[in-house]
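All remarks here apply to the structure that follows.
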Amino acid sequence: MLRIRNLVSGYGKIKVLKNVSMHVDPGEIVTILGANGAGKTTLLSTIAGLVRANSGEAEFKSNNILKIKASAIPGLGCVMVPEGRQVFAAMTVEENLLLGGHAVQKQGRKVLTALLEHQYELFPILRDRKDQLAGTLSGGEQQMLAMGRALMSKPSLVMMDEPSTGLAPLIVKEIFQIIVRLRDEGNTVLLVEQNAKAALGIADRGYVLETGKIIVQGPAEDLLANKDVQRAYLGRE
Ligand code: ATP
């Protein structure tokens, strides 16, 4: 579904990603782990077209996405749930969700209503709060809204940037259970996380990014058993 080869990307003269190669197959949860500043957000932003690549290849469903402008990438089925959620604070929960469904609007009211209903089923708290202003939601609720809004476009690939940031452990558990449910329903997820233990607990495969390079990759259970990964990212001696 997504294949990245020798990607070099960054900001001006600063090269953050140095020859990154990775892929995501349909139906997988793939996680990118790494410390602060490793380049995880830069990787997602480059795929989303928000940061321009210097060189390399990025193919999403046979489209060369490095040549496509950021505003057209969600229309191909690749959406990003940004870190910090970025919901529209002055709009209600339902208005935020409907904005996410903008692209499917032309398929008719029925499709839109069914999608809205599906988000309320996935995130029952959003139904209870559908008329509440998004800015007044708790952090966990805003994360759910950001995910629901992204899912309203029926994406093939959902990229999530650190969904666990700043959330209490119980809420993190709930968010991660929802990600597993999304995968079980046939969705594909690229999950960027600093919370390596939780991310590897639900992922099929993972990559460890260190100063812009992939240093380890493999099935999640192999990464969990890897001594270097344990020492650096799982807090085990
Ligand atoms: P975190 O977990 O802290 O979000 P990250 O792995 O997502 O970290 P990035 O946000 O991709 O890391 O940042 C990688 C490097 O790129 C950092 O050194 C950062 O300072 C730099 N960087 C990020 N955004 C910009 C920008 N807009 N302009 C210049 N440098 C940037």
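None of the values given here were measured: they were computed from a predicted structure. FYI, the numbering just counts along the sequence from 1. Atoms within each ligand, like the ligands themselves, are counted from 1 in listed order.
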Query raised in the report: What part of Ala35, side chain from CB on, backbone N/CA/C/O, both or neither, has a heavy atom under 4.0 Å from ligand 1?
Result: backbone
Report summary line: Under 4.0 Å between heavy atoms, the region of Val16 that gets near ligand 1 turns out to be side chain
Query - Distance flag for atom 19 (C) of ligand 1, protein heavy atom under 4.0 Å - result: no
What atoms of ligand 1 come within less than 4.0 Å of a heavy atom belonging to [X]?
X      : answer
Glu83  : 4 (O)
Thr42  : 9 (P), 11 (O), 13 (O), 14 (C)
Gln194 : 2 (O)
Glu162 : 1 (P), 2 (O), 4 (O)
Thr41  : 4 (O), 5 (P), 7 (O), 10 (O), 11 (O)

Query raised in the report: Hey, which of Arg5, Arg205, Gln217, Glu28 is the one that makes side chain to side chain donor-acceptor pair (under 3.5 Å) with His23?
Result: Arg205
Report task. Starting from the C-alpha separation in whole Å, work towards a yes-or-no answer on side chain to side chain contact (heavy atoms under 4.5 Å, CB included) for Ile179 and Ile175. Result -> CA-CA 6 Å; Ile179 298 173; Ile175 298 274; 4.2 Å; yes
List the closest protein heavy-atom neighbour of [atom]: residue, atom name, distance to the nearest 0.1 Å.
atom                    : value
atom 26 (C) of ligand 1 : Tyr11 CD2, 3.4 Å
atom 3 (O) of ligand 1  : Asn36 ND2, 2.7 Å
atom 8 (O) of ligand 1  : Gly37 N, 2.8 Å

Query raised in the report: For ligand 1, is there an atom lying under 4.0 Å from some heavy atom of Gly39?
Result: yes
Query raised in the report: Would you say the side chains of Tyr233 and Glu210 form a donor-acceptor pair under 3.5 Å?
Result: yes
Query raised in the report: Taking everything shown except Lys173 itself, do over 12 heavy atoms lie less than 6.0 Å from its NZ?
Result: no
Query raised in the report: Do side-chain atoms of Glu94 reach the backbone of Lys130 as a donor and acceptor pair under 3.5 angstrom?
Result: no
Report task. Could you check Leu224 against Val229 for side chain to side chain contact (heavy atoms under 4.5 Å, CB included), going step by step and ending with a plain yes or no? Result -> CA-CA 7 Å; Leu224 279 167; Val229 174; over 6 Å; no
Requested in this report: Evaluate the side chain to side chain contact (heavy atoms under 4.5 Å, CB included) criterion for residues Ile73 and Leu50: first the C-alpha distance (whole Å), next the side-chain angles of each, then the deciding distance (0.1 Å), finally the verdict.
Outcome: CA-CA 10 Å; Ile73 290 180; Leu50 301 167; over 6 Å; no
Report task. Kindly indicate, with the supporting measurements, whether the criterion side chain to side chain contact (heavy atoms under 4.5 Å, CB included) is fulfilled by Leu98 and Glu95. Result -> CA-CA 5 Å; Leu98 288 172; Glu95 285 166 346; 5.7 Å; no
